[in-house]
Amino acid sequence: MGQRGARGGRRGGRGPRRRSPLEEPKRPIMHAQAHAFVRSLPTLLIGIGLVSALLTPPRFTAAPLFSAAPLVAAPFFGLLGTVLTGVAASTSVVLLQLYYGTAGRPQEVTELINVVTVSALAVLINVVVRQRGEKLASAREIAEAAQRAVLPEPASRIGGLQIAARYEAAQADAFIGGDLYAVQDTPHGVRLVVGDVRGKGLGAVEAVAVVIGAFREAAEQEATLEAVAQRLERALAREGTRRLGLDAFEGFTTAVLAEMPHGREVVRFINRGHPEPLMLSAGGRLWVLATEEPALPLGMGDLGIWPDRAGECWFPAGATLLFYTDGLSEARNEAGEFYDPAARLSGRMFTAPDSLLATVAEEVRAHTEGSGMTDDMALLGVRRPSGEEPEAADAVTLRE
């Protein structure tokens, strides 16, 4: 058996211990409790102000509490709620002054003016926050639409294979990045690409569009996976020349290309400087799809030319392929430890690719809690369905 193909066995021993329901993260519950507390805080401030004013001598003032109430309400309440909070705070000040018979005194008038002024400022802040929130929501919708146009969600079943894709942005509410995936049924089998463009921003998005566009055309026309890789290489080089070099175009792209021929339980793959895919059998065995000769990323052909050589290995019924970008393998916790997908997933069984991707995404979020994700993460799962799931079997290398 040659070295090319699936590098098998269990890595890192058993997978992580599964949490019981009692051990599930409580962040959503805690977030809801914190949100409820913040929304009740303006009422609490006014209530505490009234109680403290009634229980202390008149020379002690509770005006700071009444002033704080509308300021707290401004970013969390609607316009009406903020106005009502300001009115309640100002009315409380007037009622207390009438109760103590101090209304009209210079100090009391100054306190009332302060509370009214702060309430008016809170209303202004609320209006500004709402306007910016609407603009931000519009920007998010535009960004999401742009990503869906450039990076459409693949169908759940393509060429008889179950497909699932997931994009996790490093920054909350960010939709556009440099990670990419595409799956296509062709006369040569189901072909796919998963990649990561150097850089961020619009330049990276343009490179994603170039790679995916070239892939969809080449996947249909080229007879071999090696030829598809060369078409992508030429497309990036051509675009880089048109944009006057790498400074004007994100031409550096790591990628994995794969092909599942119709009627054969095999997968062929080419790795261009990308994290190695994984294959999980129905019985929990895990293999790393490693190539014997690593190649340069796409778009770096000017540094040297090496002929692409596709690896080939058995892809049996019930097995699932996991393709991912380095946002997964380079996700670190607060101690600086990387998330190792091979070690984490070895020995675990998944009946659908979407459940596999959901589990991985959840574990990465838990792993990076406190430190945060530093890079976007794209995941693509491909499963060959079967009626009865077979037991784990040894990997077979079909090509030397």
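In this chain, numbering begins with 1 at the start of the sequence shown.
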Student: Quick check: do Leu380 and Leu357 have side-chain heavy atoms less than 4.5 Å from each other?
Tutor: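 A side-chain contact under 4.5 Å is absent here.
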Student: Taking the side chain as everything from C-beta on, heavy atoms only, tell me whether Pro277 gets closer than 4.5 Å to Phe269.
Tutor: no
Student: So which heavy atom on Val228 is nearest to which on Glu222, and how close?
Tutor: CG2-CB, 3.8 Å
Student: Say you draw a straight line from CG of Leu257 to CZ of Phe215; how long is it, rounded to the nearest 0.5 Å?
Tutor: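 These two atoms lie 6.5 Å from each other.
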Student: Does Tyr100, at its OH atom, have more than 12 non-hydrogen atoms belonging to other residues, nucleotides or ligands within less than 6.0 Å?
Tutor: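 Counting other residues, nucleotides and ligands, OH of Tyr100 exceeds 12 neighbours.
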Student: Could you give the distance from CG (Leu379) to OH (Tyr181), rounded to the nearest 0.5 Å?
Tutor: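 If I round to the nearest 0.5 Å, the distance is 9.0 Å.
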Student: Minimum heavy-atom separation for Leu236 and Gly299, please, with both atom names.
Tutor: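 Nearest pair, atom of Leu236 first, then Gly299: CD1-N, 4.0 Å.
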Student: Locate the shortest heavy-atom distance separating Pro70 from Phe66; write the atom from each residue and the value.
Tutor: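 Taking Pro70 first and Phe66 second, the nearest heavy atoms are CD-O, 3.0 Å.
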Student: Under the criterion side-chain contact (heavy atoms from CB on, under 4.5 Å), I'd like the reasoning laid out for Ser156 against Ile163: C-alpha separation, chi angles, the key distance, then a yes or no.
Tutor: CA-CA 5 Å; Ser156 60; Ile163 309 293; 6.0 Å; no
Student: Flag the pair Glu259 and Arg264 as a salt bridge only when some basic side-chain nitrogen lies within less than 4.0 angstrom of an acidic carboxylate oxygen.
Tutor: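 Not counted as a salt bridge, because no side-chain N and carboxylate O are separated by less than 4.0 Å.
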Student: Which heavy atom in Ala352 sits nearest to a heavy atom in Arg383, and how many Å separate them?
Tutor: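 Residues Ala352 and Arg383, closest heavy atoms: CA-CD, 4.1 Å.
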Student: For Leu289 and Glu276, run side-chain contact (heavy atoms from CB on, under 4.5 Å): C-alpha distance rounded to whole Å, both residues' side-chain angles, the deciding distance at 0.1 Å, then the answer.
Tutor: CA-CA 6 Å; Leu289 303 189; Glu276 297 168 333; 5.7 Å; no
Student: Hey, are the side chains of Val93 and Asn114 touching, using non-hydrogen atoms and a 4.5 Å cut-off?
Tutor: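 When only atoms from C-beta onward are counted, Asn114 and Val93 do not touch, as no gap falls below 4.5 Å.
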Student: Between the side chains of Asp179 and Thr325, is a donor N or O closer than 3.5 angstrom to an acceptor N or O?
Tutor: yes
Student: Are Val123 and Ile46 grouped together when hydrophobic residues (ILVMFWY) are joined by side-chain heavy atoms under 4.5 angstrom apart?
Tutor: no
Student: Give a yes or no answer on whether the side chain of His367 reaches the backbone of Asp340 with a donor-acceptor pair at less than 3.5 Å.
Tutor: no
Student: Going through the distances and angles, do Thr320 and Phe350 end up as a side-chain contact (heavy atoms from CB on, under 4.5 Å)?
Tutor: CA-CA 8 Å; Thr320 303; Phe350 300 90; 5.6 Å; no
Student: Do His262 and Asp185 come within less than 4.5 Å of each other through their side chains, counting heavy atoms only?
Tutor: yes
Student: Are Arg105 and Glu111 close enough, and set up right, to give a side-chain contact (heavy atoms from CB on, under 4.5 Å), and what steps lead you there?
Tutor: CA-CA 10 Å; Arg105 294 180 183 178; Glu111 290 180 355; over 6 Å; no
Student: Is the shortest side-chain heavy-atom distance between Val267 and Cys313 below 4.5 Å?
Tutor: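 With C-beta onward as the side chain, the pair touches.
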Student: Between Gln184 and Arg216, is there a donor-acceptor pair closer than 3.5 Å when you use the side chain of the first and the backbone of the second?
Tutor: yes
Student: Hey, could you give me the OG/CZ distance between Ser346 and Arg285, rounded to the nearest 0.5 Å?
Tutor: 8.0 Å
Student: If you round to the nearest 0.5 Å, how far is CZ of Arg344 from OG1 of Thr359?
Tutor: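 Here the rounded value is 12.0 Å.
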Student: Do Val128 and Phe77 sit in the same hydrophobic cluster, where Ile, Leu, Val, Met, Phe, Trp and Tyr count as joined when their side-chain heavy atoms come under 4.5 Å apart?
Tutor: no
Student: Are Gln230 and Arg234 close enough that some pair of their side-chain heavy atoms sits under 4.5 Å apart?
Tutor: yes
Student: Verify, without hydrogens or angle tests, whether His274 (side chain) and Tyr324 (backbone) share a donor-acceptor contact under 3.5 angstrom.
Tutor: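 Looks like yes, one N/O pair under 3.5 Å.
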Student: Might you point out which heavy atoms bring Gln97 and Glu108 nearest each other, and give the distance in Å?
Tutor: NE2-O, 2.8 Å
Student: How about Val210 and Arg238: do any of their side-chain heavy atoms sit closer than 4.5 Å?
Tutor: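 SC-SC contact between Val210 and Arg238 ruled out.
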Student: Considering non-hydrogen atoms only, spot the tightest contact between Ala255 and Val193 and give its length.
Tutor: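 Minimum heavy-atom separation between Ala255 and Val193: CB-CG2, 4.3 Å.
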Student: Could you give the distance from CG (Leu280) to CG (Leu286), rounded to the nearest 0.5 Å?
Tutor: 4.5 Å
Student: For the residue pair Asn126 / Thr82, report whether a side-chain donor-acceptor contact shorter than 3.5 Å exists.
Tutor: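 Judged by distance alone, the side chains do pair up.
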Student: Is it the case that the side chain of Arg191 and the backbone of Ala219 share a donor-acceptor pair, with hydrogens and angles ignored and the cut-off at 3.5 Å?
Tutor: yes
Student: Membership question, hydrophobic clusters at under 4.5 Å side-chain separation (ILVMFWY): are Val364 and Phe338 in the same one?
Tutor: no
Student: Should Ile158 and Leu192 be regarded as members of a common hydrophobic cluster, given that ILVMFWY residues are connected when their side-chain heavy atoms come within less than 4.5 Å of each other, either directly or indirectly?
Tutor: yes
Student: Supply the atom-to-atom distance Leu345 CG to Leu278 CG, rounded to the nearest 0.5 angstrom.
Tutor: 6.5 Å
Student: Same hydrophobic cluster for Phe323 and Trp287, using side-chain heavy-atom links shorter than 4.5 Å among ILVMFWY?
Tutor: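 Linked within one cluster.
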